[in-house]
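Chain letters run A, B, ... following the sequence lines, proteins first, then strands; residues in each count from 1.
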Amino acid sequence: MIQAKLKAIVEQAIAKAIDAGELKHLSACPVPIVIEAPRLPEHGDLSCGVALRLACHAKTSPIKIAETIAQFLEVNSENVSRFEVASPGFINFHLGTGWLAEALCEVIKLGSAFGKLDLGAGQKALIEYVSANPTGDLHIGHGRGAVYGSCLANLLHFVGFAVEQEFYLNDTGEQINQLGRCAWAAYKRLLGQDVVYPSEGYPEDSLKDFVNQVIKEHGDKFLSLNDTAGEETLRDVTMASIILSHKNLLDRLGVKFNRWFSELSLHQKDQVEAVLSEFSKRGQSYESDGAVWLKAKELGDERDRVLKKSGGTTTYLAADAAYHLDKYERGYDRLITIWGSDHHGQVPGLKAAVKALGKDPNKLEVILTQIVNLSRNGQIVRMSKRMGTVVTLAEVMDEVGTDAVRYYLAESNPQNPINFDLALAKQTSRENPAFYIQYAHARCSSILRKALEPSNNPDTHELTPAPVSRSQWDKWLSEYKSSPEVFSAIFDPQIFAHQKRLVMRLVSFPGEIEDAAITRSPGRLARYAYELANDLQKFYEVCRVITPNEEVTRARLGLILATRQVLQNVLGIIGISAPEKM
RNA sequence: GCGCCCAUAGCUCAGCUGGAUAGAGUGCGUGGCUUCGAACCAUGAGGUCGUAGGUUCAAAUCCUACUGGGCGCACCA
C-alpha cells in the first residue's frame with residue numbers, strides 16, 4: 001500500500017544519488033528502507049529514517065545523507081503534498097489525497113480479506129493449548145492460555161496458514177486415579193454416607209459441583225459398587241463431567257478446538273511403548289537403576305530424564321514425546337505448543353526428545369504464558385490447585401463479561417505477567433476497551449443504517465425516505481471498489497488531519513498483521529483495534545457523514561464502510577463480537 | 001545454590017530487531033450534548049523507564065553486575 005509505494009520512491013532516489021556519485025562509499029543501499037508512522041503529527045504522516053542507518057556506511061552525517069536523498073525524490077504532489085528533512089536525519093512526508101483515496105478503494109474492494117497475507121503459504125500449523133488437567137475448574141491462567149492460543153490461531157489463519165487447534169487431554173495417570181478416589185468419597189458423602197474424605201488430593205469443594213452433576217445424571221446407583229469399581233466409575237464419569245464443563249466454558253469464551261487429543265489413547269494404541277522402542281533403537285536411551293533414561297543432556301538439557309520408572313510405569317515426558325511424535329507424523333509444518341510458564345522446566349526435555357527422535361526441533365515452537373495475578377480491590381486472590389481454585393474462570397467471566405475478559409487477556413504479551421483486578425475490571429466494564437471498540441463498530445453500523453433506512457417521525461408517524469436510496473447505494477458500492485476519485489470529497493481542508501489519520505490507521509492494518517504474526521503477538525492487534533476505534537470517534541466528532549451534498553455523503557459513507565470493515569476484520573482475529581447495535 | 005521470566009505515570013499496560021520531545025487506558029482537575037449513538041470528545045497535572053556501570057553519533061531498547069518479585073530445578077503430572 002502507501003508505505004510500499006513510498007519505499008519504492010525512496011529506494012529509487014537512493015539509487016539515483018548513488019549513480020550521480022552523491023553518496024560516496026555506497027554501491028547499493030546496505031540497509032532496509034523502513035517507512036513508519038511518526039509519533040508526532042508535526043513529523044508528517046510517514047517518515048523514513050534510512051539516512052540514520054546509512055550514516056556509518058556512507059561515512060557522512062545522517063542529515064547530509066537525508067538531504068542528498070531528498071534532492072532525488074520524485075513525488076507526485078497529489079500523493080505527497082510535501083516532504084522535508086528533519087534533524088537528526090529523518091525524511092518526513094506529508095500525504096496528499098491521491099494515495100489515501102486509492103487505499104480506501106482497496107479496503108472496500110478486499111472487504112473481509114483486507115489485511116490478509118500469505119506468510120503461511122498454506123503451510124499446516126498445529127497449535128496446542130490450554131491442555132488443562134480434567135481434575136477441576138479452569139482458572140484465569142487457563143483463560144489466558146486459551147485466549148492467547150485462539151487469537152494466535154485466528155491470526156495465523158489470517159496470514160495464510162492452515163491452522164488446527166488441539167487440546168491435549170491428560171486423561172490418564174496418577175492424578176486421574178486420585179480424582180477417582182476423591183470423587184468416589186465425595187459421591188458417597190454427598191449421598192449421606194459417613195466416610196472419610198482423602199486427606200491428599202483435590203479439595204472436596206472443588207469437586208462438589210461435578211459430583212453433584214454425576215448424581216443428577218446417575219442418581220445413587222453406583223453406591224452398590226465396591227471401592228475399586230466405585231473409584232474407577234466415579235473417575236470416569238466425573239472426568240467426563242469436568243471435560244464437558246471445560247468444553248462449554250471455552251466455547252463461551254470463543255475458544256474452539258478441532259480436536260481433544262486423549263493421552264489415554266496414546267497408551268491404548270501402544271504409542272508410548274513405541275516411542276520408548278524408538279529411543280532405544282536410535283541409541284538415545286539407556287537403563288540405569290532399573291529405570292529407562294533419555295540421553296537428554298547430550299541434546300541440550302541440563303541432565304538426563306527418566307522415561308520409564310523402575311516401577312514400570314512411564315513418565316509424563318514419555319507420553320509427551322509420543323504425543324509430539326504423533327504430531328510430527330501427522331505432517332504439520334509448524335507445531336506450536338503453548339504452556340503455562342510453570343512448565344518451562346520441561347521445554348529442554350521435550351526439545352531433547354524431539355531431537356532424539358530425529359525430528360526437526362525448529363518446527364516446534366514452545367510459547368510460555370506468564371502468570372495472571374488475580375486480585376480484588378488490591379487483595380491478591382491466591383490460586384492453587386491443591387487448595388482448590390478460589391476464583392474460577394467461569395466466575396471471572398460471569399462477573400466481568402466474556403468480551404471484556406477476552407480483551408484483557410488478549411491485549412498483553414504472553415511473556416509478561418499481568419495483574420487482573422476483578423473489582424477494577426468490573427467497575428470499568430462499561431468503559432472497557434472491548435466495549436469501546438464494539439461501540440465504534442456499532443456507531444458505523446448506525447450511520448449506515450441512518451443513511452439507508454427510512455426514518456419514522458415519532459410525532460406524526462410519517463415516514464421520511466432514506467437519505468440514500470437502495471439503487472443509489474448499490475451504484476456507490478461498485479464505485480467505492482473501482483473509482484478512487486469518489487473519495488476525494490471526503491477530505492475537507494479544515495479537518496484534513498482527522499480524516500487523514502483515520503485513513504492512515506486503516507492503511508496500516510496489513511503491516512500490523514504482519515508484525516503481530518511474525519512476533520506471535522496478537523495482542524498488538526487488540527491495541528490496534530482500540531486505536532482505530534479512537535480515530536473513528538475523533539473523526540466522528542468533527543465531521544458529519546450524511547450531508548446535503550451527495551458527493552460528500554458518498555465519499556464519507558465509503559470511509560465509514562471501510563472503517564467498519566477493518567474493525568470487523570480485527571475483532572474477528574481477537575475473537576470479540578462486532579455488534580450492529582448495542 | 002543453579003536456570004528461565006519480569007521491573008516504564010497513583011493503578012492496569014504499550015513501546016524493546018537501538019533513532020525525533022517515553023505513550024495509551026484508568027483515576028484526579030477543567031470544558032463540551034437543538035444536529036448521523038455524550039457508552040463520546042477536548043484539555044491539564046502526573047515519569048531519575050528498578051540501581052550502577054559499559055557499547056554507540058544515538059539506549060526504556062543491546063551487554064555486565066547488583067536489587068526486588070514470580071516460576072522451575074522428582075523414578076510428580
Inset, instruction - Assess whether one donor atom and one acceptor atom, taken from the side chain of A/Gln346 and the base of B/rA77, lie less than 3.5 Å apart. - result: yes
Inset, instruction - Name the residue closer to the 5' end of RNA chain B, choosing between A/Ala442 and A/Ile91 according to the nucleotide with the nearest heavy atom. - result: A/Ile91
Legend entry - Whether A/Trp260 and A/Phe167 hold their rings parallel, tilted or perpendicular, with breakpoints at 30° and 60°: parallel
Inset, instruction - Select base, sugar-phosphate, or nothing to describe what A/Asn170 touches, counting heavy atoms under 4.0 Å on all strands. - result: nothing
Legend entry - Ring centers of A/Phe420, A/Tyr408 separated by less than 6.0 Å: yes
Inset, instruction - Between B/rC36, B/rC6, B/rA20, spot the one nearest the side chain of A/Pro417, thanks. - result: B/rC6
Inset, instruction - For A/Cys543, answer base if it contacts any base atom (sugar-phosphate contacts may also be present), sugar-phosphate if it contacts only those atoms, and nothing otherwise; contact means non-hydrogen atoms under 4.0 Å. - result: base
Inset, instruction - Answer yes or no: does atom CZ of A/Arg501 have more than 12 heavy-atom neighbours from other residues, nucleotides or ligands under 6.0 Å? - result: no
Legend entry - Distance, rounded to the nearest Å, where A/Asn413 contributes CG and B/rA7 contributes P: 10 Å
Inset, instruction - Side chain of A/Asn416 only, please: which of B/rA14, B/rA20, B/rA77 is the nearest? - result: B/rA14
Legend entry - Spatial distance of atom CZ (A/Arg305) from atom NZ (A/Lys297) [nearest 0.5 Å]: 11.5 Å
Inset, instruction - Between B/rA77, B/rA20, B/rC41, spot the one nearest the side chain of A/Gln537, thanks. - result: B/rC41
Check: protein-nucleotides 2-4 of chain B nitrogen or oxygen pairs below 3.5 Å:
unit_1	atom_1	unit_2	atom_2	d
B/rG3	N2	A/His344	NE2	2.6

Legend entry - Donor on one side chain, acceptor on other, A/Glu365 and A/Thr337, under 3.5 Å: no
Legend entry - Closest non-hydrogen atom pair, A/His246 against A/Asn133: CE1-O, 3.7 Å
Inset, instruction - Mind checking A/Ser47 for me? I need base, sugar-phosphate or nothing, with any heavy atom below 4.0 Å counting as a touch. - result: base
Inset, instruction - Remember a base hit wins even if backbone is also touched, and classify A/Ile418 as base, sugar-phosphate or nothing at under 4.0 Å, heavy atoms. - result: sugar-phosphate
Inset, instruction - Answer yes or no as to whether B/rG25 has its base stacked against A/Tyr530, where stacking requires a ring-centre separation under 5.5 angstrom and planes under 30 degrees apart. - result: no
Inset, instruction - Looking only at non-hydrogen atoms, find the nearest pair between A/Tyr202 and A/Leu179 and report the distance. - result: CE1-N, 3.8 Å
Inset, instruction - Select base, sugar-phosphate, or nothing to describe what A/Ser310 touches, counting heavy atoms under 4.0 Å on all strands. - result: base
Inset, instruction - Could you give the distance separating B/rA52 and B/rC11 at their C1' atoms, to the nearest angstrom? - result: 28 Å
Inset, instruction - Establish, from distance only, whether the side-chain atoms of A/Arg443 and A/Gln537 form a donor-acceptor pair under 3.5 Å. - result: yes
Inset, instruction - Select one nucleotide: of B/rA14, B/rC36, B/rG18, the one nearest the side-chain heavy atoms of A/Arg53. - result: B/rG18
Inset, instruction - Could you tell me whether A/Lys308 contacts a base, only the sugar-phosphate backbone, or nothing, with contacts defined as non-hydrogen atoms closer than 4.0 Å? - result: nothing
Legend entry - All pairs passing salt bridge (charged side-chain N to carboxylate O under 4.0 Å, His left out) where residues 39-54 of chain A contributes a residue, at least two apart: A/Asp45-A/Lys500
Inset, instruction - Measure the acute angle between the ring planes of A/Tyr286 and A/Trp293, then classify it against the limits of 30° and 60° as parallel, tilted or perpendicular. - result: parallel
Legend entry - Pairing partner (Watson-Crick or G-U wobble, both distances under 3.5 angstrom) of B/rG53: B/rC63
Legend entry - Integer angstrom distance from the P of B/rG72 to that of B/rU12: 23 Å
Legend entry - Side-chain-base donor-acceptor pair under 3.5 Å for A/Asn534 and B/rA24: no
Inset, instruction - Answer with base, sugar-phosphate or nothing: what part of the nucleic acid does A/Arg303 contact at a heavy-atom distance below 4.0 Å? - result: sugar-phosphate
Inset, instruction - Mind checking A/Ser341 for me? I need base, sugar-phosphate or nothing, with any heavy atom below 4.0 Å counting as a touch. - result: sugar-phosphate
Inset, instruction - Quick one, give me the B/S/- string for nucleotides 28-34 of chain B, reading 5' to 3', where B means a protein heavy atom under 4.0 Å from the base and S means that only happens at the primed atoms, P, OP1 or OP2. - result: ----B--
Inset, instruction - Would you classify A/Glu287 as touching base, sugar-phosphate or nothing, given that sugar-phosphate means primed atoms plus P, OP1 and OP2, and contacts are heavy atoms under 4.0 Å? - result: nothing
Inset, instruction - Scan A/Arg544 against the nucleic acid and name what it touches under 4.0 Å (heavy atoms): base, sugar-phosphate only, or nothing. - result: base
Legend entry - Donor + acceptor pair across side chains of A/Gln499, A/Asp492 (<3.5 Å): no
